[in-house]
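Structure first, then comments.
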Amino acid sequence: MTTTTIGGHVLTVDQEGFLTDPSEWDDDVAVALAEQIGVVLDTEHREILRFLRAEHARTGETPTLRRVSTGMSIPVKRLFELFPVKPAKKMAYVAGLPKPRGCV
Amino acid sequence: MHELLVLGGGTAGTMVANKLRRRLEPDLWCITVVDQDDEHHYQPGYLQVPFGTADPADVTRSRHAQIADGVRFVTGTIDVVDAERREVRLTDGTVLAYEQLVIATGTSPRPDATPGLTGELWQHSIHEFYTLAGATRLREALGRFGRGRLVVHITEMPIKCPVAPLEFTFLAEAWFRGRGQRDAVEITYVTPLSGAFTRPIAAERLGHLLDERKIHVETDFVVEHVDDELSALVSYDGRTIPFDLLVTVPLNMGADFVARSGLGDDLNYVPVDPETFLARGHDDIFAIGDASDIPTSKAGSVAHFAVDVFVDNFLEHIAGRPMTHAFDGHANCFVESGDGKALLIDFNYEVEPLPGRFPLPFLGPMTLLEETRINHLGKQAFPWIYWNVLLPGRPLPLPAAMSMAGKHAPHPTDPEEE
């Protein structure tokens, strides 16, 4: 665990830069994290982030791509458009949640 | 009489019934196991069938013969669990009442879930080895295949036995080499993960073995559909991987009755407490083995260690006491790497596979995360242990909890950062 400063916010992160304390997250932090991976947040992104955080609070796990897709009725294809290349990890990163547990 | 109903007579369900039969008073507790057929398969054997080192008959025995006297075995298809009325209905109309229910119906491959997979190429140039019938068909397909692009593919995690596709790849590479065809066959390993395996140190070591054998690895590949005309896998991010022979691991899902009964998650796995296997929101339903959503490998070794913990907890639970034993997610898997060698990995919820010796520190005789002949011999000896020690519920001198003795942690490296 280390701390890093992103967009003026001091954040506790793991080796890969994922936030380790979900309570350090707010909308400003989300905007700053999204900027790091070249994503500009719009309302659709924000709705997805809210869903991820609510699921994480409910189950204690970062939701998978499938969970987000079925839970929000969004096609996986659309998630790839909104968070290109590695959507599961990128969604978790911007939502201030741990990396989705590498399924074992 | 109290009724314990076990759904599924596979690895986990059989061990639960056999172990509890010895621990529960025959005059007080009736144990019933339900399964849809009477064929128990030694599923690790599926991996050998395509290469002709095991025949379908070698891996199949009767289910009821594995189940102890004093346990009732019912053959039937489960329609639904009515948790409120505490009963299970079968499709033939049979109603089975329970006081405690154990769901051990595992997971199964769903090729239909990927668009285009079961089209014209299915069972011609597209195969799978997660069913005995599929593994048998693949044997013929491999025999006919002498030249071209072999693609080994994982659709989505989690899958049963997550090391099996890697093992298949290693064995296929060695097999083509043995037949003098290696130069004519291009092998690609396609995974939705960011590396060859899920945890960093094992991913690095296994990735290195793939590299050594000139097997190309395509990572972070989430398949959208199979294009029949191009004979290619197509991903959501637009990558195309053409094949002449595709060996895919289809999406794995828990049993459909779990969804119909309102007991499952998106993939029909039963959400449970990962330490006790008690289904969330229920006091009389457990799920054990591949059927649950615990965050560790779906594997027979996990079922074995889990059942050891479960049995003690179950006795406390029915006595009205709190359950005091906690499962740590312990898994222990042989990984066949070809040429008569294998690796061994040992890990749990928190500790990733590490190098070292097993089961005894320094002495082994098994070596963790390294290719040895002894590890391969261990895997060869395993079917006997499975049928004669594990399934009957006899004690195996291996503790259920993972041990750190004999292990050492090199500096972790992350495959993402390579």
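Protein chains get the first letters and strands the later ones, always in sequence-line order, with residue 1 at the start of each.
Atom NZ of Lys99(A) and atom OG of Ser194(B) lie 6.5 Å apart (nearest 0.5 Å).
Looking at heavy atoms from C-beta onward, Leu251(B) lies in side-chain contact with Arg66(A) at the 4.5 angstrom threshold. Side-chain contact between Thr64(A) and Glu156(B): absent, with no pair of heavy atoms (C-beta onward) separated by less than 4.5 Å.
Checked options Asp293(B), Asp265(B), Asp266(B); the residue passing with Arg67(A) is Asp266(B) (criterion: salt bridge (charged side-chain N to carboxylate O under 4.0 Å, His left out)).
Heavy-atom contacts from other residues, nucleotides or ligands closer than 6.0 Å to NE2 of His208(B) number 12 or fewer. Within 6.0 Å of atom CD in Glu35(A), 12 or fewer heavy atoms from other residues, nucleotides or ligands are found, so the atom counts as exposed in its surroundings.
Nearest heavy atom pair, residue Val85(A) against residue Asp237(B), reads O-OD2, 4.2 Å.
Using a 4.5 Å cut-off between heavy atoms, Tyr349(B) contacts chain A through its backbone alone, with no side-chain atom that close.
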